[in-house]
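For reference, the structure discussed in these notes is given below.
A, B, ... follow the sequence lines: proteins, then strands. Residue 1 opens every chain.
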Amino acid sequence: GEQVEQRPPHLSVREGDSAVITCTYTDPNSYYFFWYKQEPGASLQLLMKVFSSTEINEGQGFTVLLNKKDKRLSLNLTAAHPGDSAAYFCARITGNTRKLIFGLGTTLQVQP
Amino acid sequence: GGIITQTPKFLIGQEGQKLTLKCQQNFNHDTMYWYRQDSGKGLRLIYYSITENDLQKGDLSEGYDASREKKSSFSLTVTSAQKNEMAVFLCASSMGIAEQFFGPGTRLTVL
């Protein structure tokens, strides 16, 4: 019920390539979703928040897609650069609880 | 804007010792959280507090106490540190169920 499955755990791409990280969940009462970025030795930085009524959100160099039917959330980096190398975490909030349920994270390495 | 500060940045303790971590935020957020981050296990919620003097258990509360002394501060106590324990403790805050903002973390090592 509560878990968020995040794939892949590790991802290595070359500069300029795209990178896709996916999270799946089972709880149909998931209303808010978040993507966080954590650079080595640093804390979590909010990248994007997505509400259940939103299906596509675009940021600087990335797109977040929410497929409510398949209960899948994805982060797509369109042209990765070395500065994107970090750990990425998806998270969701259910209903009116304040608990964030995190995926286990994806370590992305972008080779120059 | 605002900031979350955590002290200390590094904490080294002995087995069985009681250790306290502190967190301050100036966002004027109502809710504060403590998470533990272990390599390969993601983030797990220890305690959270929705207002001053409130305390709610998370998934990992055993072995910890917490205290919300005032709106801007939330402390976490490791009641008896376990040998070979190594983790990063992250404090966060939010306004209601909105996005959570995280502090820089306290890295704990138990000898």
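- When the side chains of ILVMFWY residues are joined at heavy-atom separations under 4.5 Å, either directly or via intervening members, F74(B) and L11(B) end up in a single hydrophobic cluster.
- For M86(B), the CE atom is loosely surrounded, since the number of other residues' heavy atoms within 6.0 Å does not exceed 12.
- Residue L43(B) touches chain A through both its backbone and its side chain, counting heavy-atom pairs closer than 4.5 Å.
- Note on V50(A): it does not cluster hydrophobically with F101(B), by side-chain heavy-atom contacts below 4.5 Å among ILVMFWY residues.
- Of the listed residues (A92(B), G103(B), G58(B), A98(B)), the one with the most heavy-atom contacts under 4.5 Å to chain A is G103(B).
- Contacts of Q6(B) with chain A are absent, with no heavy-atom separation under 4.5 Å from either backbone or side chain.
- Minimum heavy-atom separation, Y36(A) to E99(B): OH-C, 4.3 Å.
- Tracing side-chain contacts under 4.5 Å through hydrophobic residues (I, L, V, M, F, W, Y), one never reaches F102(B) starting from L108(B); they form parts of separate clusters.
- To the nearest 0.5 Å, atoms CG (L100(A)) and OH (Y33(B)) are separated by 6.5 Å.
- Residues Y64(B) and M32(B) fall within the same hydrophobic cluster, defined by Ile, Leu, Val, Met, Phe, Trp and Tyr side chains chained together at heavy-atom separations under 4.5 Å.
- Heavy-atom neighbours of R107(B) CZ from other residues, nucleotides or ligands within 6.0 Å: at or below the threshold of 12.
- By the rule that hydrophobic residues join a cluster once side-chain heavy atoms approach within less than 4.5 Å of another member, I50(B) and Y32(A) end up as members of one cluster.
- Applying a 4.5 Å heavy-atom cutoff, the residues of residues 42-49 of chain A that approach chain B are S43(A), L44(A), L46(A), K49(A).
- Going from atom CZ of F102(A) over to atom CD of Q37(B) covers 9.0 Å, rounded to the nearest 0.5 Å.
- Residues of residues 73-81 of chain A lying under 4.5 angstrom from chain B, judged on non-hydrogen atoms, do not exist here.
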